[in-house]
Amino acid sequence: MASTDFAVDITEGRVLRRTPIALTEVRAARQALLEWFRDHARPLPWRRHPRPYAVWISEIMLQQTQVGTVIPYFNRFLRAFPNVRALARARRERVLELWSGLGYYRRSRDLHCAAQIIVRQFGGRFPRSYEAARSLPGVGDYTARSVLSIAYNLPFAVLDGNVARVVSRWRLLRGHVQETRFRQSVELVLEQCLSRRRPGAFNQALMELGQTVCLPRAPRCPVCPLRVGCGAYASGRPESYPEPRPRRRTEVRHLAVAAIRSDSKFALVRGLDESLLPDLWNFPSAFGASRETARRALLDKLSALLSPPPTLPAPRAEIRHSITHRSIRAQIYPVEMAAARRVHGLRWVPAWRLGEVARTGSAAVSALARKVAAAL
DNA sequence: GTCCAGCTTT
DNA sequence: AAAGCTGGAC
């Protein structure tokens, strides 16, 4: 801990000064947090043998994705690619198959590419320096800090949404996660509190506390190790911190989906529509502002693919799905074809690969495609 | 139905 | 500043 009596941080030419947190308070909180983590850390698969490779894979998968969702993906992924060299020499399509259903598919491409860079430029070991780690595709500020602190126990503080929530409540910081000022305030607190001896455990403890105790809407203050000294708890309204971030409104879009079946195979194309899910196999689909415009756009698309184009019957089912700010209403038009002809850009995929079995990574299909298959 | 996870790239 | 995926909580 610095011996100055206030914390100073120079960011973009501005000097921020904040009242320091009393050293005794910092130490008490740090110790309470680390002891809580020692007793309550969940036995997550990437914590069993925390090699840098496993830590890195888990951090990429955990971006925007919940722990419970990640666990089976992580286990399958490490079975398929036990180390960075195995990942580096894998086919891209195979990596995508094992990512199928996890979302944000760009992550898998960047991960694969980064593995090849690690093998070629870093001797097959995840780099130990911030700059080198940051140079890898898919590794931004947060991921570089988390991997280096957890895998190598280097003194980097991490700031994710969980950490921001815990700290804003503990120190009663106003603002929301997207504001630079707010983030700087949180960072100042973290710099004062980070355990220099056990930064990895400290960071994981804060994030775990945010995930399991300091919950957004219903914090479990009675079991929180930071309750003593928590400003939001004292205020009586812990759920009011931090402020909700402004959100872009979601727009409803209609999607027409052709479920073209021949024998027990479905015709799939690469990509969805409007440049969404470009790497994934999907049922031929088209967006529109209404059901009817979507249907017509789908017919246009099918005309370019098949001649003569099939006629579309009445839709058999509607499913709902969300992609970023779009709320998608998908009408499914079942089409039977006599023979599974070879068509350029079309791939016939056995129905069983789209079911629950697909979770084992047998096809690079989106979750949307799986919902469609399940509705048939 | 709304909110939350909540990071990286362009 | 905006876009990208999916699932779960409430």
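Below, chain A is the first sequence line, B the second, and so on; all start at residue 1.
The shortest heavy-atom contact between A/Phe287 and A/Asp273 is N-OD2, 2.7 Å.
Between A/Arg326 and C/dG4, a side-chain N or O to OP1/OP2 separation shorter than 4.0 Å is present. Residue A/His321 places at least one side-chain N or O closer than 4.0 Å to OP1 or OP2 of C/dT6. Close to B/dT10, at under 4.0 Å from its OP1 or OP2, lies a side-chain N or O of A/Arg106. Of the side-chain N and O atoms in A/Tyr73, none sit less than 4.0 angstrom from OP1 or OP2 of C/dT6. Considering only side-chain N and O atoms, A/Arg245 lies nowhere under 4.0 angstrom from the phosphate OP1 or OP2 of B/dC4. Put simply, A/Arg107 has no side-chain N or O that comes within less than 4.0 Å of OP1 or OP2 on C/dG4. In this structure, A/Thr324 does not reach the C/dA2 phosphate: none of its side-chain N or O atoms is under 4.0 Å from OP1 or OP2. Residue A/Arg217 has no polar side-chain atom (N or O) positioned under 4.0 Å from OP1 or OP2 of B/dT2. Between A/Arg329 and the phosphate of B/dG1, there is a side-chain N or O to OP1/OP2 separation shorter than 4.0 Å.
Of the candidate nucleotides B/dG6, B/dC4, B/dA5, B/dG6 has the atom nearest to the side chain of A/Asp160.
Taking the six-membered ring for Trp and thresholds of 30 and 60 degrees, A/Phe81 and A/Phe77 have ring planes more than 60 degrees apart, a perpendicular arrangement. Taking the six-membered ring where tryptophan is involved, the planes of A/Phe266 and A/Phe283 are perpendicular, since the angle between them exceeds 60° and thus also 30°.
Within residues 152-159 of chain A, the residues approached by DNA chain B to less than 4.0 Å at the level of any non-hydrogen atom are A/Leu159, in residue-number order.
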Strand DNA chain C as a dot-bracket string - pairs counted if Watson-Crick or G-U with both distances under 3.5 Å, | where the partner lies in another strand: ||||.|||||
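The shortest distance between side-chain heavy atoms of A/Arg30 and A/Leu226 does not fall below 4.5 Å.
With A/His112 contributing its side chain and A/Ser108 its backbone, the two residues share no donor-acceptor pair below 3.5 Å.
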